[in-house]
Amino acid sequence: MTFVEKDRLIGGRSEQEFLKISWEGEIFGTALFEAIAEKYPEHADNATAAATMEWYNVHRAEEFGHAAGVSVTLKEAEKLGRQGTDMAHKKSFEDVAKELMKETPYADKLYAEMGKHTQNHELKAFADDLMVHEPALRDWVKSELDGNSDDAAQVFAYLERHGINREEAVTPRNNREAREGDTQHLVLAFFPSEDLADQAAMVVKNWENASDYMKVDGVGVLVKDENGEIKEHKLGKRSGKKGMGIGVALGVVAAIPTGGLSLLGGAAGGVVGGGVIGHFFNKGLKLSEEDAARISSELDAGHAAVGVLAWNFEADAVADKLKELGGTPETHEVAKLPPESQ
């Protein structure tokens, strides 16, 4: 096997175990096809589409897994990613294709077992769907081995059924912020001092830079200065084309203790920090009045906030890292809005 032993795939497994193995397999597949796309330009679009399909199913497995109390840690995900990448690098395309032809039927059996034993109708539908995506992969690689490529027709058809068009399908995951589909979260963590917050922010940034599976969209620190004025500083300037930059996100939080609380009632769209912040506050930052009051009191007490913009599938890992570094984290979903001008 490429990422698990065959005896893990079938027979006597719990729903949680099936979910975890499925989740792991989709992570492995994402890395494998991404590496194939990089190594073989002639297969880049089709392999990227296959990776997009795998990554789409990672999200779905994650949702079901979390609901069932199952998790795949960042460390586990990175190990699986390395294994998938290594397989693509060490084997020829033909050898990888033959391996997939041989092994994906075991995945079919895994998904059949998961669908057969679950009482959850939505999970059964997911398992049935996974049984469709494996043959789509096999059809493509077999057609390449036969010298009569089908151009991954079934892979693209699968993605189309799930609302992902061809242009989106061939967009590499590293450029995922250039298209719709993922939700951003603002992870805030409060630290006793600005120095401690600065140190934590740098650790998060270095951690993110060292990881292929953790690409957050900005890290910053927010604190009141000696005159009681809110100041912010950012580490890096990343802003997704369909996402919100860290500067605007921190600007919204900064508005809270300086009068921005009134925005929660929708009374002053665009007054604090310009129209973008007003729009952002009113249209999608998931803050209650209690949240706003708590954030304001933390800053009034001289505490510093580390803010991290992360995609939905990264937010838990970011919150755990900030907690590990001594912070008190909280997570708030943010809206898809026009990009910040930085």
Side-chain angles (χ1 to χ4, degrees), residues 1-4 9 19-40 43-66 70-91 93 96-97 99-100 103-104 106-108 110-111 126 129-138 140-141 152 154-156 158-159 162-164 166 168-183 208 210-216 310-317:
M1 290 302 296
T2 54
F3 74 98
V4 289
L9 292 180
L19 275 168
K20 186 174 177 68
I21 298 169
S22 301
W23 188 353
E24 290 172 340
E26 299 304 298
I27 292 172
F28 175 91
T30 300
L32 173 67
F33 288 112
E34 286 177 344
I36 288 174
E38 291 181 0
K39 185 177 179 182
Y40 302 101
H43 297 303
D45 281 357
N46 293 340
T48 299
T52 299
M53 181 170 66
E54 298 288 275
W55 191 242
Y56 172 76
N57 287 326
V58 167
H59 294 331
R60 299 169 76 194
E62 179 184 36
E63 291 175 5
F64 284 111
H66 285 166
V70 176
S71 65
V72 175
T73 67
L74 181 63
K75 184 177 180 180
E76 290 172 329
E78 294 209 317
K79 180 180 178 181
L80 291 162
R82 286 193 299 272
Q83 289 174 342
T85 300
D86 287 347
M87 179 179 176
H89 287 169
K90 292 177 179 178
K91 294 177 180 285
F93 179 85
V96 170
E99 196 76 17
L100 288 170
E103 294 180 359
T104 51
Y106 290 97
D108 289 338
L110 162 70
Y111 305 139
F126 176 47
D129 209 30
L130 290 175
M131 290 184 66
V132 174
H133 100 292
E134 291 291 329
L137 292 172
R138 284 200 298 275
W140 170 50
V141 297
Q154 293 307 311
V155 172
F156 285 105
Y158 180 97
L159 291 169
H162 291 287
I164 301 172
R166 188 177 186 90
E168 294 168 330
V170 300
T171 301
R173 184 169 57 96
N174 287 341
N175 299 331
R176 65 183 179 276
E177 64 264 32
R179 56 185 171 82
E180 300 281 0
D182 292 315
T183 303
E208 184 253 350
S211 170
D212 287 336
Y213 286 83
M214 184 61 61
K215 297 299 177 188
V216 301
W311 296 102
N312 55 321
F313 50 88
E314 301 166 332
D316 287 346

- Query: Can you name the nearest heavy-atom pair linking L159 to A49, along with the distance?
  - Reply: CD1-O, 3.5 Å

- Rounded to the nearest 0.5 Å, what separation is found between the CZ atom of F33 and the CZ atom of F28? 9.0 Å

- Item | Set of residues satisfying side-chain contact (heavy atoms from CB on, under 4.5 Å) with respect to V58, sequence neighbours excluded | W23, E26, I27, T30, W55

- Under the side chain to side chain donor-acceptor pair (under 3.5 Å) rule, collect the residues that match up with D316, sequence neighbours excluded. none

- Message: Which heavy atom of V141 sits nearest to which heavy atom of A97, and what is that distance?
- Response: CB-CB, 3.8 Å

- Query: NZ/K91 to NZ/K39 distance, rounded to the nearest 0.5 angstrom?
  - Reply: 10.5 Å

- Message: Run the salt bridge (charged side-chain N to carboxylate O under 4.0 Å, His left out) test against D129 and tell me which residues pass, sequence neighbours left out.
- Response: R60

- Please name the pair of heavy atoms, one in D108 and one in P135, separated by the smallest distance, quoted to 0.1 Å. OD1-CD, 4.1 Å

- Query: Considering only heavy atoms from C-beta outward, does the side chain of N46 approach that of V155 to under 4.5 Å?
  - Reply: no

- With sequence neighbours left out, the residues meeting side-chain contact (heavy atoms from CB on, under 4.5 Å) with A47 are I36, A37, W140

- Note on the structure: Separation between OG1 (T52) and CZ (F156), nearest 0.5 Å, reads 8.5 Å

- Which atom of E34 lies closest to which atom of A51, heavy atoms considered: CG-CB, 3.7 Å

- Residue list, ring-ring contact (aromatic ring centres under 6.0 Å, His included) with H162, at least two apart or on another chain: Y56, Y158

- Checking side-chain contact (heavy atoms from CB on, under 4.5 Å) for the pair K79/E24: CA distance, chi angles, key distance, verdict? CA-CA 10 Å; K79 180 180 178 181; E24 290 172 340; over 6 Å; no

- Message: Nearest 0.5 Å, please: how far is OG1 in T104 from CZ in R138?
- Response: 4.0 Å

- Note on the structure: Taken to the nearest 0.5 Å, the spacing of T171 OG1 from I164 CD1 works out to 10.5 Å

- Rounded to the nearest 0.5 Å, how far apart are CG of L32 and CG of L137? 9.5 Å

- Message: Going by the rule side chain to side chain donor-acceptor pair (under 3.5 Å), which residues pair with T48 if we only count those two or more places apart in sequence or in a different chain?
- Response: none

- Query: What do you reckon, is CD of E62 surrounded by more than 12 foreign heavy atoms closer than 6.0 Å?
  - Reply: yes

- Item | Side-chain donor-acceptor contact under 3.5 Å, H133 with E54 | yes

